[in-house]
Amino acid sequence: MRLFLRWIMIVGLFWLGAGPLRAAEVVDFAAVAPQLELSQRMEWRQDRQARLEPAQAMTASDWQPATPAKLNLGVSDAVIWLRLRVENRSLEEQVRWLTLGSPRLEWVDFYRFAPGNPVWVESAVGGLGRALDRRPVSGLVSIFPVRLAPGESATLLLRVAGRTRLFMKPELWQPLTYRSHESDLIVRQMAPISAVLGVVLYMLVHGLARRSRDMLLLSGWLCLMALYELSFDGYLYRFLFTAGGEVAVRSTLVLSNLSVILCAVFTLSFLCLYQQRRWRWVYLLYISANLVLLAMSGFGDMFMANVAAVPMMLCFFLVWPISILSAWRRHMANASLYLVASLIFWVAVILRLLEQEGLLPADLMLSDSLTINPSLGLALVMVFGLLRQAYVEQKAYRAAQTALLKSRQDEQQRLEALVRERTQSLQDATIAAEEAHHARGELLARVNHDLLRPVTEIVELAAPLEQVGGKPAEYGAVIRRSATHLLGLIDDLIDQASQDGSVDEIRSEPVDTQALLAGLAFEAEGLVLAGGNEFVFIPAPDLPPCIRVDSRRLRQVLINLLDNAAKFTRGGRVEFRVDADQGPMTAKLVFTVRDTGPGMSAGQLAMVFEPYRRANESAGFPGLGLGLAIARHWAERMGGEIVADSVPGQGTTMRVLLPVDLPELAMAPQSKAPDEPMPTEGSAGLAVPAPERLAEAVALLRLGAVSDLLDWAADLQDSQPQHAAFARSVAELAERGDLRALALLLGPATPAGPAGAAGANRTAGPVAAP
């Protein structure tokens, strides 16, 4: 249609007297139409060395008539010169705009020569390599205004070069005609691009909402295609990359490579071609090659990237429909939809690539947005197909949900009936468990009362027999050792049974650190010396004076560790070390018990803390294997841990890591220094209870149950008022946590020898380190 109208215009001008314009003839501004194509009316020459100056090119003798084929060279490193002679034969000033028709040229220089003058009188620049504000007229393409006075003539010279594809379509325009044409072109190009971007936004929202990978890939592909068209038609340079330079020049090729890569990824995913080994390798090979080309386009040799771009894309878009047909023949899901949607788009892309390679005439492209309209069709068809597929899947999903809901309701009814039955069974079992727990508590209380107290009295009353001498002393020693061993076993069994049945409360109270450690070292010394061992106690000098801890449970943990070390060491050394890492409000105490006993292997060390499991079953050592299990239990209940380290033949090291709070000074119990015993009324000045009542207090002191001594003192004061003064003294010392003073007060009932808990005939206080 355009060619037909052009010939009608030329014939009309001829009949009006202007006559047809011949190649290389002078163009009269007054006689030409508002739009004149100059492809066959200019002179053309090629400078392969790119060395000629404008004056040299102007006077060269190898000028040739231009043709459309010569103006579409593809990618070339040569410089193209175009020359046009113009004049104004009218009596009025004429203004025309000279354009080259392509927004993708990198460097364009314009020179104007006056007749007979070898030096140009006017120059201007254009192209993507220059900033937009350097152009004489802003527009999508390079525009050079030419103004001729009446009777004036001139020679126009254009220099075109760059690393992009050299496609030129020179035209002369009246300014108003060009602006009207440009406005129509913008509307014609932007309408489908805007539609595609709207579809892309719709697909992006639905892809994110449905978490559809294919819809997100398709939206990304179409978005890159729309951006590529904007760059291809000059809009990105016109409105975004106005500074020109490398970014404006490389953007078109970079976006083209990105869109093709995403097209390949979408096809591979949408048609599940990755499941076919042949097509998977074909697509991965092409994607890898195109990634290399993308790197060249963005950062490498732009000229070589442009040379390789079109052949690579042409190769891909020839293989692309074959892969779609292969998927369609295998009845792959979505293959028929994709084939229909991409057919027209594929034809448009192939035509553009063939035209850019010069295999088809340039006039075949009726519009610069040849591929964007098929892209819109592709987008709409794919969106319709994907939404229809999503609707079918949603419908099937709802049906499955309905069936699942019904099956769950049936299952719920069955489970409710089963739960009712099980609930009744659990209620019966709970009642039985409560009765058993109650009976068990009564049994523990009876064992504690009927076994622990008599055995404690046996231990205490056997002590005087050892002082008689002769056979009674021997019998007393045997009785005391056996009763003490039996007392320890009963204590461990009761404590382990209490752990299995319930969780006892940890009662943290302010405790004087020196008094607590003095009592521990005092009792530990007797345990260690009984086996013929050396005992060393090393307290750190920076220990906090007062800590908040359950002294009874801490004493139980440490005495169990010390007793274990003393039990398995003969003629050796047992070291008890206390260190502290003190902070402003808390401290971390480290209690180390190290012995030189037989040690343990890795297998024995792994089970040493298990109840009723002993590391040396054949060694003949007494005990039930509960001491370390009870120690670890209470250490963990207090927020600490026990770390064991042992080497066979080199002894064992047990470390108790225990975090404690530091109470305020007003809450800390006041205690005398260990070397200055607190003055008490003493047993000589007080009414002392009967030996069996004192034996109870001594047993509590041996267990470290200082808080229980308060209950004992209150009971003594209520039941035996004549011993009220003695009871008050015990209560006062128990509140202060002064174990040494308590041992001195209860001295008359304290058994002699290393097995006693706090005998008065012992040297009170810690054993100094050697």
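Other residues, nucleotides and ligands contribute at most 12 non-hydrogen atoms within 6.0 Å of the CZ atom of Phe299.
Every pair passing side-chain hydrogen bond (donor to acceptor under 3.5 Å, both in side chains) that includes a residue from residues 579-592 is listed here, sequence neighbours excluded: Arg577-Asp579.
Side-chain atoms of Phe537 and Leu520, non-hydrogen and from C-beta on, never get closer than 4.5 Å to each other. The side-chain heavy atoms of Phe591 and Leu561, taken from C-beta on, include no pair separated by under 4.5 Å. In this structure, Ser508 and Asp661 have side chains that are not in contact, with every pair of non-hydrogen atoms separated by 4.5 Å or more. In this structure, Val557 and Met638 have side chains that are in contact, with non-hydrogen atoms separated by less than 4.5 Å. Between Leu589 and Val549 the shortest side-chain heavy-atom distance does not fall below 4.5 Å. Between Arg655 and Arg594, the closest side-chain pair of non-hydrogen atoms falls below 4.5 Å. When side chains are defined from C-beta on, Leu208 counts as touching Leu216, because their heavy atoms get closer than 4.5 Å. Side-chain contact between Trp712 and Val730 is present, with heavy atoms from C-beta onward closer than 4.5 Å.
Of the possible donor and acceptor atoms, one in the side chain of Asn533 sits under 3.5 Å from a partner among the backbone N and O of Gly572. For the pair Ser269 (side chain) and Val265 (backbone), a donor-acceptor distance under 3.5 Å is absent. Within the 3.5 Å criterion, the main-chain N or O of Thr653 finds no donor-acceptor partner in the side chain of Asp645. For Thr652 (side chain) and Thr596 (main-chain N/O), no donor-acceptor pair under 3.5 Å exists by modelled atom type.
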Can I get a per-line list of side-chain donor-acceptor pairs under 3.5 Å for residues 412-420, giving both atom names and the distance, sequence neighbours left out?
from: Gln412; atom 1: NE2; to: Glu416; atom 2: OE2; distance (Å): 3.4
from: Arg414; atom 1: NE; to: Glu411; atom 2: OE1; distance (Å): 3.4
from: Arg414; atom 1: NH2; to: Glu411; atom 2: OE2; distance (Å): 2.4

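Atoms CD and NZ, on Gln401 and Lys406 in that order, are 15.5 Å from each other to the nearest 0.5 Å. Within the model, atoms CG of Asn564 and CE of Met654 stand 6.5 Å from one another, a figure rounded to the nearest 0.5 Å.
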